[in-house]
Amino acid sequence: MKKQDKKFYITTPLYYSSGKLHLGHCYTTVVCDSLARFKRKDGYDVFFLTGTDEHGQNIAKRAEEKGITPKEFVDNLYRDITDLWSLMKITYDKFIRTTDEYHEETVKKIFTKLYEQGDIYKAEYEGWYCSPCESFWAESQLEDGKCPDCHREVSRAKEESYFFRLSKYGDKLLKLYEKNPEFLQPKSRVNEMVNNFIKPGLQDLAVSRTSVSWGVPVPFDNKHSIYVWIDALANYLTALGYMSDDEELFKKYWPADVHMMAKEIVRFHSIIWPSLLMALDLPLPKHVYGHGWLLFGGDKMSKSKGNVVDPYFLVGRYGLDAIRYYLLREVPFGNDGVFSIKSLLGRYNDDLCNSLGNLVSRTIAMIEKNFDGKVPAKGNFKDSLDKELKDMSECLIGKVREAVDGFNVPQALTEIMALVYRANKYIDETTPWTLAKDLEQKGRLGEVLYNLAEVLRFVAVALSPFLPDTAQSIFDKLGLGKVPDDFDSLARFGGLEEGTPVTKGKNLFDRINIDEELKKLEEE
Ligand code: MSP
């Protein structure tokens, strides 16, 4: 494939938060940002979409409680979310708000099309309604009489509604899962969807509400508004201009390469969304990935559970890349990860400070001391230790790519850290401090330090999609200017030029005394 033919359309869920934003909210978006940054550098034409979910009863209720209009409420939400993404250095290509006019117009067109072709019909509905989730449930779907998603109380509700013929898509979905096991990942989620939802039989879905005024009105029946999930899911199409005067982006990027989200909303994305797309006769996304939750004290971190962790506080105190690294590395992809300050500080000290930071400072300090701060000449890489380091470096980007292609970001970081560990071991094996004592060994010392500096260049470039600031700091120390926009320079070990001026400067990460820090945090 030629480079310009490679496209990658990646989406986060649309965000909605009625309270303060917490670290859990950052998880999906930081993962998507790293994948998007990686793919851009890997020659893909990337479209990274994120946005806010701004309609529905919950928003209207929250706004009323606060004594503001829903519009004011969602403007605050939009400001808070975009501020948070600036803090986390999220490189989205487009930010969509479901109150954007173009989005609302297309949602109406989609609804009308589905109605006209008979995929949506009007009837009376009675069922169990979960107000926080804005979802109707059949008796058989309740868990202990409560909402199967959030486990809160449900109430009996009856209303005239428009229905989407979801029941019609059960067999098609089963075929999709059978023929395309890669569609929904990780695989464990497939069983859950197939056995708990599809096989027992899908019921038609109520897709309008008469009780909710803060929403997109059904264009031909104004007392109804369109169900918030239909409105929200459609963003993946409307953001590309689907059904608008300008469908260029849609033609270029659809179908999505991956919709990324946490597990509790996988059902909407892996059952309702593909069914809607089939009804619209559109190609399906290539992958839907449902990651686990970031748990705090054993529970999902969310405002309603009262255990908030503030990203501003954490980034302010430990630096952005420490937090990005923790999110990307600590949560086993696909499974839940338990957040604790102790594990955050442990990762920080072990991986970032002692391993990466030390490798950088030791290497550069030795070049400053023994070679007047200039990268020495390279050797011929024939020594077996040198060759091993060279081979490992040249394989690095391939391994990281493989992990990224499987959406396994922790694995990508593990691969990079493996080279860091290997290089630290190389220092112990080659003992440059001993070589430095013997004038006759100056040539060998130069080769060893060259190899270490060259490893740092590889590590920095490979790390740049995940920890962009750290990568740039390593480049600054190596006197290499801006981290390149592609991975081409990682094809060959030995590209670093002799004589490049290096500067040790400040530590990348200062060691934290964990006991003292924990005590301080408790006292604050
Ligand atoms: N608005 C819906 C999504 C509509 S998509 C068409 C929604 N919004 S949300 O703000 O509640 O959640 C946004 C994303 O953040 C979801 O993937 C959600 O699961 C994720 N997270 C919120 N708290 C989380 C954790 N503690 N851990 C990991 N992800 C979590 O759902």
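Heavy-atom basis, side chains included; hydrogens, waters and symmetry copies ignored. Read the numbers this way: they start at 1 and go in the same order the structure lists the ligands and their atoms.
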Counting only pairs under 3.5 Å, give me each side-chain donor-acceptor contact of residues 400-410, with atom names and distances, residues two or more places apart or in other chains.
from	atom 1	to	atom 2	distance (Å)
Arg401	NE	Asp42	OD1	3.4
Arg401	NE	Asp42	OD2	2.7
Arg401	NH2	Asp42	OD1	2.9
Asp405	OD1	Lys39	NZ	2.8
Asn408	OD1	Gln411	N	3.2

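For ligand 1, the polar-atom distance check against Ile265 finds no nitrogen or oxygen pair separated by under 3.5 Å. Taking distance alone, with nitrogen or oxygen atoms compared against 3.5 Å, Tyr27 stays at or beyond that limit from ligand 1.
For Lys7 and Asp45, the salt-bridge test fails: no basic side-chain N is under 4.0 Å from an acidic carboxylate O. Between Glu65 and Arg62 there is a salt bridge, with a side-chain nitrogen of the basic residue lying less than 4.0 Å from a carboxylate oxygen of the acidic one. A salt bridge links Glu105 to Lys108: one of the charged nitrogens lies within less than 4.0 Å of a carboxylate oxygen.
Listed by number with element, the atoms of ligand 1 under 4.0 Å from a non-hydrogen atom of Glu264 are 18 (C), 19 (O). Proximity to Asp53 (heavy-atom distance under 4.0 Å) selects the following atoms of ligand 1: 1 (N), 2 (C), 4 (C). Here is the list of ligand 1 atoms found below 4.0 Å of a heavy atom in His291: 28 (C), 29 (N). For ligand 1 and Ala232, the ligand atoms under 4.0 Å from any heavy atom of the residue are 6 (C). Distances below 4.0 Å separate heavy atoms of Pro13 from the following atoms of ligand 1: 3 (C), 5 (S), 14 (C), 16 (C), 17 (O).
Within the structure, ligand 1 has His22 among the residues with a heavy atom less than 4.0 angstrom away.
Contact annotation: for Leu294 versus ligand 1, heavy atoms closer than 4.0 Å belong to both the backbone and the side chain. Residue Lys263 does not touch ligand 1, judged by heavy-atom distances below 4.0 Å.
Scanning His259, Glu54, His25, Met261 for the heavy atom closest to atom 22 (C) of ligand 1 points to His25. Closest heavy-atom approach to atom 24 (C) of ligand 1 within the set Cys26, Gly292, Gly24, Gly290: this belongs to Gly24. For atom 4 (C) of ligand 1, the choice among Tyr15, Trp229, Phe268, Tyr236 with the nearest heavy atom turns out to be Trp229.
Among residues at least two apart or in separate chains, there is no salt bridge (charged side-chain N to carboxylate O under 4.0 Å, His left out) pair with a member in residues 192-213.
The residue from Trp229, Phe197, Tyr236 that alone fulfils the ring-ring contact (aromatic ring centres under 6.0 Å, His included) condition with Phe268 is Trp229.
Between the side chains of Thr12 and Tyr92, no donor N or O sits under 3.5 Å from an acceptor N or O. When only modelled atom types and interatomic distance are considered, Gln141 and Trp128 share no side-chain donor-acceptor pair under 3.5 Å. Between the side chains of Asp119 and Tyr169, at least one donor N or O sits under 3.5 Å from an acceptor N or O.
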